[in-house]
2 protein chains.
Amino acid sequence: MTEQQAIDTLKAKGICPTRPRVAIYKYIQEHFTHPNVDEVFTHLSPEVPTLSKTTVYNTLRMYAEMGLCSMLTINERQLVFDGNANSHAHFMCKVCGRVYDVPTADKMLEEMHIPGHRAEEMHLYYRGTCQSCLLKQERM
Amino acid sequence: MTEQQAIDTLKAKGICPTRPRVAIYKYIQEHFTHPNVDEVFTHLSPEVPTLSKTTVYNTLRMYAEMGLCSMLTINERQLVFDGNANSHAHFMCKVCGRVYDVPTADKMLEEMHIPGHRAEEMHLYYRGTCQSCLLKQERM
DNA sequence: TCTATCTCTGTAATGATTACAATGCAAAAG
DNA sequence: CTTTTGCATTGTAATCATTACAGAGATAGA
């Protein structure tokens, strides 16, 4: 993702492409690692020295509300963000805390209808022990 | 749910059926309203005057780990608990914060397999605006 | 009754998130 | 190019859900 692509996407959504916003958008598009606010802040600080954590919070929340990313509450202790807009589920390891993507077999889930209510977001996730942590446990 | 039923269930799981624990278990079985810790604490305080909030946290977390209830992170600000063990999805209204149950059409979701990892919990939920809040908005 | 163990309680600490007021910046108008 | 106006950003302080911990209490078996 080039700087220009990020700027164009933000402009297309009617978002003023300021320096912090472009950097944050670029970061979540280049790192599908489900970062939390602190990770985004820490990684971008050198590049945008005046960046504040409040801005990271505000910006990511805005992106989530506008559909530019999704905000996951899979981790009970902190929010994490996912720049990958394709429909997919998540798996969180209770041991190491990592969040993995899980491809969903089909589009069925998206079409589910909740009678009466207006659903705006759908989330499917799993919690358990990831392969890497299972292997570590076996060795002990 | 009678007191005795609650005691029997706890004993069957190897949990010492103390007064706070029985009261908490009984409460979540009688109130499928997705209460948070504060609600459980406030409602049970008159009945169990020495109850402490820490005990509510510890007990509900234990129940969740032992499969006696589930702990939902659907609300980004606080945990809520669901004593209904039957497989179902949830809908959270972004306006009023209420959490509704959504019956899942079939058992398909439960059988999903995550290659490599060991999944222990599955959660499916939606966020949006509930019927009641939609109606209120229309009136304005 | 005594003792060992498990529970519970209350306070204090933690830490993620948000509120807010002051400052800075960007783009349009002049 | 400068001014102006409104939006964005910053940093600090506050909030508040959750957890840690240590002392007090209850329980069951000997």
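In what follows, chains carry the letters A, B, and so on, assigned in the order in which the sequence lines appear, proteins first and then strands, with residues in each chain numbered from 1. Because the structure is predicted, anything quoted here is derived from the model rather than measured.
- In terms of polar N and O atoms assigned as donor or acceptor, the side chain of B/Thr54 comes within less than 3.5 Å of the base of D/dA20 in a complementary pairing.
- Side-chain N/O atoms of A/Arg61 include one lying less than 4.0 angstrom from OP1 or OP2 on C/dT18.
- For DNA chain C, the residues of residues 63-82 of chain B within the heavy-atom distance limit of 4.0 Å (strictly under) are B/Glu76, B/Arg77, sorted by number.
- In summary, the aromatic rings of A/His90 and A/Tyr126 are positioned with their centroids too far apart to meet the 6.0 Å limit.
- If you take CD1 of B/Ile24 and P of C/dT7, they are 13 Å apart, rounded to a whole angstrom.
- Residue contacts for B/Thr55: at a heavy-atom cut-off of 4.0 Å it reaches a base atom on one of the strands shown.
- Taking 4.0 angstrom as the limit, B/Tyr57 places a side-chain polar atom (N or O) nearer than this to OP1 or OP2 of D/dT18.
- For the pair B/Pro49 and A/Cys16, both in contact range of DNA chain C, the more 5′-proximal nearest nucleotide belongs to B/Pro49.
- Annotation: B/His88, atom NE2; neighbour count of heavy atoms from other residues, nucleotides and ligands within 6.0 Å is above 12.
- Ring to ring, B/Tyr63 and B/Tyr25 are close: their centroids are under 6.0 angstrom apart.
- Summarising the geometry, the separation between CE on B/Met62 and P on C/dT7 is reported as 8 Å, rounded to the nearest angstrom.
- Summarising the geometry, the separation between CZ on B/Arg19 and C1' on D/dA26 is reported as 13 Å, rounded to the nearest angstrom.
- Dashed line: the shortest gap from a side-chain N or O of A/Thr18 to OP1 or OP2 of D/dT9 is under 4.0 Å.
- Rounding to whole angstrom units, CG of residue B/Asn36 and P of D/dC16 are separated by 14 Å.
- Under a 3.5 Å cut-off, the side chain of A/His34 and the backbone N or O of A/Val99 do form a donor-acceptor pair.
- Checking the phosphate oxygens (OP1, OP2) of D/dA8, a side-chain nitrogen or oxygen of A/Arg21 falls inside 4.0 Å.
- Rounded to an integer number of Å, the gap from B/Asp38 CG to D/dA17 C1' is 10 Å.
- Under a 4.0 Å N-O distance rule, the pair B/Lys94/A/Glu65 does not qualify as a salt bridge.
- Note on A/Ser52: every side-chain N or O is 4.0 Å or more away from OP1 and OP2 of D/dG11.
- Computed from coordinates, the A/Asn58 CG to C/dT18 C1' distance equals 9 Å when rounded to whole Å.
- Here the C1' atom of nucleotide C/dC6 and the NZ atom of B/Lys11 are 16 Å apart, to the nearest Å.
- Closest contact between the side chain of A/Leu51 and the listed nucleotides C/dT9, D/dA8, D/dT10 involves D/dT10.
- Here D/dT10 presents its C1' atom at 10 Å from CZ of A/Phe41, a figure rounded to the nearest Å.
- Scanning both residues, A/Ser132 and A/Tyr100, for their nearest heavy atoms gives CB-OH, 4.5 Å.
- Residues A/Glu120 and B/Arg127 are not paired through a salt bridge, judged by the lack of any N-O separation under 4.0 Å between the basic side chain and the carboxylate.
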